[in-house]
*Asks:* 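Structure incoming, see below.
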Amino acid sequence: MTDFEPMPTDWERALAVVAHPDDLEYGASAAIARWVDEGKKVVYLLASRGEAGIDGIPPEECGPLREAEQIEAARIVGVSEVEFLGHKDGVIEYGIPLRRDIAAAIRRHKPELVITLNYAPFWPGGNRNSPDHRNVGEAVLDAVGDAGNQWIFPELGLAKWQGVRWVAIAGSPNATHAVDVESSLDRGVASLEAHRKYLEGLGPGPMSEPNVFLRDFARQAGERFGGKPAVAFELFPA
């Protein structure tokens, strides 16, 4: 395996678009904390409120709970703007409404970097990826193009934005780049720990142990990035 390249640093604004609360905290948030430390602005956009994410807690109770946990998780890494689109958790559909919503956010926030989560059919290691992740990721890629075309979604009343330079995919099986998170990994762990009710709902297992899971994740990435804890991304030009 080849070593990871450093992520670009010559940008000022990023928009992170994922399906659920907790998606960014399983790795990417440690990198986001590092970027915020460097003076960059990052905004979170969540397609759903994660209301179907905790067995035993009904959606009408779970949605507000998970929304609050996500806002706190973002605060820990220095992100103050968190938006929720309100698509239905578990059955997020790829289609025009989702593309329109994401394109509108791109036009409003004018990011140079757009971040999303692995949308491949499988996770590294072979586990099947969820339909929500797959559909949101595909919609993000298309919405980047939509946002730059003045004739697509003119009803939004927002000027086109052609300034997205890269798309970064967290958790990708085809990672190419990485960020040194030695100084920010503790906050990345704390941001996942903020999803307290969600982690309790998972029950025992590696995914419910942020300190172990994320440090191991960062160590493995670091083996291809100079030996320091790192978060890896697949990066390609927009």
*Asks:* Can you tell me if Arg134 uses its side chain to pair, donor with acceptor, with the backbone of Asn129 under 3.5 Å?
*Replies:*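 Between the backbone of Asn129 and the side chain of Arg134 there is a qualifying donor-acceptor contact (under 3.5 Å).
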*Asks:* Can any side-chain N or O of Asp132 pair as donor or acceptor with the backbone N or O of Ile92 at less than 3.5 Å?
*Replies:*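 Yes; judged by distance alone, with no hydrogens or angles, the pair exists.
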*Asks:* Test of understanding: with salt bridge (charged side-chain N to carboxylate O under 4.0 Å, His left out), list the residues that count as partners of Glu61, not counting sequence neighbours.
*Replies:*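 Glu61: no salt bridge (charged side-chain N to carboxylate O under 4.0 Å, His left out) contacts found.
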*Asks:* Side-chain contact, heavy-atom cut-off 4.5 Å: Lys40 with Glu12?
*Replies:*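 Lys40 does not reach Glu12 side chain to side chain.
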*Asks:* Mind checking side-chain hydrogen bond (donor to acceptor under 3.5 Å, both in side chains) for Glu69 and listing every partner two or more places apart, or none if nothing turns up?
*Replies:*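 Counting only residues at least two positions away or on another chain, Glu69 forms no side-chain hydrogen bond (donor to acceptor under 3.5 Å, both in side chains).
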*Asks:* Could you note down all residue pairs passing salt bridge (Lys or Arg N to Asp or Glu O under 4.0 Å) where residues 224-238 supplies at least one of them, sequence neighbours left out?
*Replies:*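 Every pair satisfying salt bridge (Lys or Arg N to Asp or Glu O under 4.0 Å) with a residue in residues 224-238: Glu182-Lys228.
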*Asks:* Suppose the criterion is ring pair (Phe, Tyr, Trp, His ring centres under 6.0 Å): which pairs have a residue in residues 87-131, not counting sequence neighbours?
*Replies:*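 Found Trp123-His133.
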*Asks:* Applying the side-chain contact (heavy atoms from CB on, under 4.5 Å) criterion to Tyr44, which one of Val82, Val18, Val17 satisfies it?
*Replies:*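 Of the listed residues Val82, Val18, Val17, the side-chain contact (heavy atoms from CB on, under 4.5 Å) partner of Tyr44 is Val82.
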*Asks:* Taking C-beta and beyond as the side chain, do Trp11 and Pro111 meet within less than 4.5 Å on heavy atoms?
*Replies:*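 Side chain of Trp11 against side chain of Pro111, heavy atoms only: no contact under 4.5 Å found.
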*Asks:* What residues form a salt bridge (charged side-chain N to carboxylate O under 4.0 Å, His left out) with Asp22, not counting sequence neighbours?
*Replies:*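 Asp22 satisfies salt bridge (charged side-chain N to carboxylate O under 4.0 Å, His left out) with Arg66 only.
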*Asks:* Would you please name every residue forming a ring pair (Phe, Tyr, Trp, His ring centres under 6.0 Å) with Phe233, sequence neighbours left out?
*Replies:*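 Partners of Phe233 by the ring pair (Phe, Tyr, Trp, His ring centres under 6.0 Å) criterion, ordered by chain and then number, come out as Trp35.
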*Asks:* Can you name the residues that form a side-chain hydrogen bond (donor to acceptor under 3.5 Å, both in side chains) with Asn174, not counting sequence neighbours?
*Replies:*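 None.
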*Asks:* To the nearest 0.5 angstrom, please state how far the CG atom of Asp3 sits from the OG1 atom of Thr176.
*Replies:*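 If I round to the nearest 0.5 Å, the distance is 12.5 Å.
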*Asks:* Could I get the full list of side-chain hydrogen bond (donor to acceptor under 3.5 Å, both in side chains) partners for Arg187, not counting sequence neighbours?
*Replies:*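 Arg187 satisfies side-chain hydrogen bond (donor to acceptor under 3.5 Å, both in side chains) with Asp37 only.
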*Asks:* Please list all pairs passing the salt bridge (Lys or Arg N to Asp or Glu O under 4.0 Å) test where one or both residues lie in residues 198-209, with sequence neighbours left out.
*Replies:*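 Pairs touching residues 198-209 that pass the test: Arg196-Glu200, Lys197-Glu200.
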*Asks:* Any pair with a residue in residues 76-100 that passes salt bridge (Lys or Arg N to Asp or Glu O under 4.0 Å), sequence neighbours left out, goes on the list, sorted by first then second residue, please.
*Replies:*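 Matches after skipping sequence neighbours: Lys41-Glu81, Glu83-Arg108, Arg99-Asp146, Arg100-Glu155.
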*Asks:* For the residue pair Leu214 and Leu192, establish whether any side-chain heavy-atom pair is separated by less than 4.5 Å.
*Replies:*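 The answer is yes; the side chains approach within 4.5 Å.
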*Asks:* Kindly compute the distance separating CG (Leu185) from OG (Ser191), expressed to the nearest 0.5 Å.
*Replies:*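 Between atom CG of Leu185 and atom OG of Ser191 there are 9.5 Å.
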*Asks:* Sort and list the pairs that fulfil ring pair (Phe, Tyr, Trp, His ring centres under 6.0 Å) and have at least one residue in residues 186-232, not counting sequence neighbours.
*Replies:*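 Sorted result for residues 186-232: Tyr26-Phe213.
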*Asks:* Picking from Leu141, Leu24, Ile169, what satisfies side-chain contact (heavy atoms from CB on, under 4.5 Å) with Thr116?
*Replies:*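 With Thr116 as partner, side-chain contact (heavy atoms from CB on, under 4.5 Å) holds for just one option, Ile169.
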*Asks:* Applying salt bridge (charged side-chain N to carboxylate O under 4.0 Å, His left out), name anything that partners Asp10, two or more places apart in sequence or on another chain.
*Replies:*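 Checked Asp10 against salt bridge (charged side-chain N to carboxylate O under 4.0 Å, His left out); matches are Arg165.
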